[in-house]
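Have a look at the structure below, then the notes.
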Amino acid sequence: SIRTIALAEGNIQVQTGSFLDKLDTEIRDTAMHKDTPLTFDNVQFMTGKSDLTEASKLQLQDLVKIMKGYAKVEIRIEGHTDNQGDVVKNKKLSEDRAASVKKFLVANGIAATRITTAGFGDEKPIAPNDAEEGRAKNRRIEAFVVKK
């Protein structure tokens with residue numbers, strides 16, 4: 001189902017259970033869950049690169065609206081890869097991808113001081129890397145709310 005998030009920058013429609021829905025719920029929750037990863041569901045990159053796809057920018061535009069609506073919120077963006085390819089290159093790629101998300105947010109009016117980034121390559125898998133389905137889950141960008 002779809003729900004509406006009312007923000008100063010205008011309302012946004014989000015799918016229940018989506019990244020943006022979970023982020024908004026986390027921000028509104030009075031408890032702090034700094035170690036709870038929120039996995040982006042529509043942020044992708046060109047294969048082997050840190051360039052955001054055009055489709056990714058739609059979700060990130062909504063993230064900008066949420067961050068403008070909650071001016072005290074600070075987030076950490078983490079990049080992750082699967083275990084295919086060179087470990088050192090994957091770590092750099094995951095760092096560059098997290099930085100690419102930050103760059104987009106900053107370019108759209110979010111203060112750089114509100115966003116930290118990290119890249120972990122294949123160090124923190126959430127699924128087995130022995131099949132494509134698991135590797136696809138491991139290639140992800142996560143956000144953590146670190147200040148409300």
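Please read all numbers here as calculations on a predicted model, not as lab measurements. One-based numbering along the sequence shown.
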### Task
Using ring pair (Phe, Tyr, Trp, His ring centres under 6.0 Å) as the criterion, list what pairs up with Phe19, not counting sequence neighbours.
Phe40
Backbone N/O of [Y] and side chain of [X]: donor-acceptor pair under 3.5 Å:
X	Y	answer
Arg97	Lys49	yes
Ser56	Leu52	no
Lys147	Val73	no
Ser100	Ser50	yes
Thr117	Ala99	no
Lys137	Asp82	no
Lys148	Asp29	yes
Asn129	Gln84	no

Which value, rounded to the nearest 0.5 Å, describes the distance between [X] atom [atom1] and [Y] atom [atom2]?
X	Y	atom1	atom2	result
Lys68	Ile110	NZ	CD1	5.5 Å
Lys103	Ile115	NZ	CD1	13.5 Å
Arg139	Asp122	CZ	CG	12.5 Å

Does the side chain of [X] reach to within under 4.5 Å of the side chain of [Y], using non-hydrogen atoms?
X	Y	answer
Met67	Val64	no
Ile141	Thr39	no
Lys34	Val145	no
Asn83	Asn138	no
Phe104	Gln61	yes
Asn42	Leu58	no

Check ion pair [X]-[Y] (N to O, under 4.0 angstrom):
X	Y	value
Glu123	Lys91	yes
Arg3	Asp24	yes
Arg140	Glu142	yes
Lys57	Glu54	yes
Glu26	Arg28	no

### Contacts of Arg114 that satisfy side chain to side chain donor-acceptor pair (under 3.5 Å) - sequence neighbours left out
none
### Query
Should the heavy atoms of other residues, nucleotides or ligands under 6.0 Å from CD of Glu132 be counted, would the total exceed 12?
yes
### Message
Minimum heavy-atom separation for Ala98 and Ala118, please, with both atom names.
### Response
CB-O, 3.5 Å
## Note on the structure
On a heavy-atom basis, the closest approach of Gly121 and Ser94 is N-OG, 2.8 Å
Would a single hydrophobic cluster contain both [Y] and [X], if residues Ile, Leu, Val, Met, Phe, Trp and Tyr are joined by side-chain heavy-atom contacts under 4.5 Å?
X	Y	value
Val43	Leu93	no
Met32	Tyr70	yes
Phe120	Ile77	no

Which pairs would a plain distance check flag for residues 10-17, meaning a side-chain donor or acceptor within less than 3.5 Å of a matching protein atom at least two apart in sequence or in another chain?
{"from": "Gln13", "atom 1": "OE1", "to": "Thr4", "atom 2": "OG1", "distance (Å)": "3.2"}
{"from": "Gln13", "atom 1": "NE2", "to": "Thr4", "atom 2": "OG1", "distance (Å)": "3.0"}
{"from": "Gln15", "atom 1": "NE2", "to": "Ser1", "atom 2": "O", "distance (Å)": "3.4"}
{"from": "Thr16", "atom 1": "OG1", "to": "Ser1", "atom 2": "O", "distance (Å)": "3.0"}
{"from": "Thr16", "atom 1": "OG1", "to": "Ser1", "atom 2": "OG", "distance (Å)": "3.0"}

### Task
Given side chain to side chain contact (heavy atoms under 4.5 Å, CB included), test Leu63 with Leu105 step by step and report yes or no.
CA-CA 8 Å; Leu63 175 55; Leu105 298 175; 3.8 Å; yes
### Message
As a test of understanding, state which of Ile27, Thr25, Asp21 forms a side chain to side chain contact (heavy atoms under 4.5 Å, CB included) with Leu23.
### Response
Ile27
